[in-house]
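All values below come from the heavy atoms of this structure, side chains included, with hydrogens, waters and symmetry mates left out. No experiment lies behind these values; they were computed from the predicted model shown.
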Amino acid sequence: MTITRMTIPGRWVEGAGLVLGPALLLAGVLVRLGADDFFPGQLAAYAADPGRMVLSYSLYAAGAVLLWPAVTALGRMIAVTHPALARWGVTLAVLGLFGRVFHAGVSHLAFQLVDALGPEAAERVVAGTYGAFHVFKAVNVCIMGGWVVLAVGAFRAGALGAGPAGVARCVALALAAGLPLGVLKGSSDPIALAALAGLVVALAPMGVAVLRTGPAPAGGRSCSRSRWSRRRSSWGWRADASIVDIN
């Protein structure tokens with residue numbers, strides 16, 4: 001068997017996630033600054049300016065999705081010297097990101113209720129169902145704990161740099177545990193903004209370094225063509241071999 005050094009999902013996806021994931025989260029929150037952070041205020045803000053809130057929550061959801069390749073990239077660096085911390089940190093953080101995406105979907109539905117029922121009726125529905133059980137309640141602790149485990153692993157592995165700057169970036173990464181969780185959370189309080197800024201400080205420089213390291217994305221097409229040619233030749237041989245002369 002031939003072992004290659006290919007990484008999944010790959011350097012370009014991981015680098016983009018490291019740079020764009022935190023930036024989109026922060027941008028999403030900045031767009032909705034001024035609205036009350038709890039669900040009545042978020043619903044009222046949507047009723048007053050739907051385009052603004054749709055943009056805000058869309059940016060935030062996209063940022064949460066893009067953080068998963070960022071987490072895998074950081075976990076790979078930690079795993080070189082501390083594989084157990086890398087495994088636990090990546091697993092907890094990704095489970096937490098699943099929870100955030102679920103919350104984003106419920107928030108989207110709540111905004112549609114404003115359109116369908118009006119602001120007051122939508123607020124009553126959300127208030128009456130806000131505490132309903134769902135399976136992603138089980139990952140709430142992961143949303144907070146994953147970043148702390150990754151920060152500890154990054155510190156011990158030196159994954160975010162050496163010296164005071166590296167320590168500061170690890171602390172900044174741990175601040176992400178303070179980001180509010182749940183449905184229709186404005187996340188514009190000082191603690192949340194510090195958590196988002198911490199993600200940018202911790203991950204964006206690493207993303208730039210990842211994107212700058214290694215060759216530009218070239219050669220993939222020729223490699224794919226080579227594999228396709230081999231497969232086509234193999235299929236052709238099998239087709240020829242299956243022909244039976246009945247004359």
For the atom pair [atom1] ([X]) and [atom2] ([Y]), what is the distance rounded to the nearest 0.5 Å?
X	Y	atom1	atom2	result
Leu85	Arg156	CG	CZ	6.0 Å
Leu20	Leu25	CG	CG	11.0 Å
Ser58	Met53	OG	CE	11.0 Å
Glu123	Leu117	CD	CG	12.5 Å
Leu175	Cys170	CG	SG	11.5 Å
Ser187	Leu26	OG	CG	11.5 Å

Backbone N/O of [Y] and side chain of [X]: donor-acceptor pair under 3.5 Å:
X	Y	result
Ser107	Leu184	yes
Arg100	Ile143	no
Arg169	Gly161	no
His103	Val106	no
Arg52	Val31	yes

What about [X] and [Y], same hydrophobic cluster or not, with Ile/Leu/Val/Met/Phe/Trp/Tyr joined at side-chain heavy-atom distances under 4.5 Å?
X	Y	answer
Val94	Leu199	yes
Leu181	Leu193	no
Met77	Val201	no
Ile78	Val80	no
Leu67	Val13	no

Please find the pair of heavy atoms, one from [X] and one from [Y], that lie closest to each other, and give the distance.
X	Y	result
Thr81	Ala157	OG1-CB, 3.3 Å
Leu18	Gly207	CB-CA, 3.4 Å
Ala202	Leu160	O-CD2, 3.6 Å
Ala93	Leu150	CB-CD1, 3.8 Å
Ala195	Gly178	CB-C, 4.2 Å
Ser188	Ala35	OG-O, 4.1 Å

Quick check: are there more than 12 heavy atoms from other residues, nucleotides or ligands sitting under 6.0 Å from [atom1] of [X]?
X	atom1	answer
Phe136	CZ	yes
Phe102	CZ	yes
His108	NE2	no
Arg76	CZ	yes
Gln112	CD	yes
Ile191	CD1	no

Should [X] and [Y] count as side-chain neighbours, where that means a heavy-atom distance under 4.5 Å?
X	Y	value
Ser56	Val29	no
Leu211	Trp12	yes
Pro9	Thr72	yes
Trp147	Leu179	no
Glu14	Arg11	no
Leu97	Val65	no
Leu59	Leu30	no

Trace of the side-chain contact (heavy atoms from CB on, under 4.5 Å) decision for Phe155 with Val167
CA-CA 7 Å; Phe155 171 73; Val167 174; 3.8 Å; yes
Going by the ring pair (Phe, Tyr, Trp, His ring centres under 6.0 Å) test, which pairs reach into residues 51-87, not counting sequence neighbours?
Tyr57-Phe111
Not counting sequence neighbours, list each pair that qualifies as a side chain to side chain donor-acceptor pair (under 3.5 Å) and has a residue in residues 175-186.
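For residues 175-186: Tyr130-Lys185.
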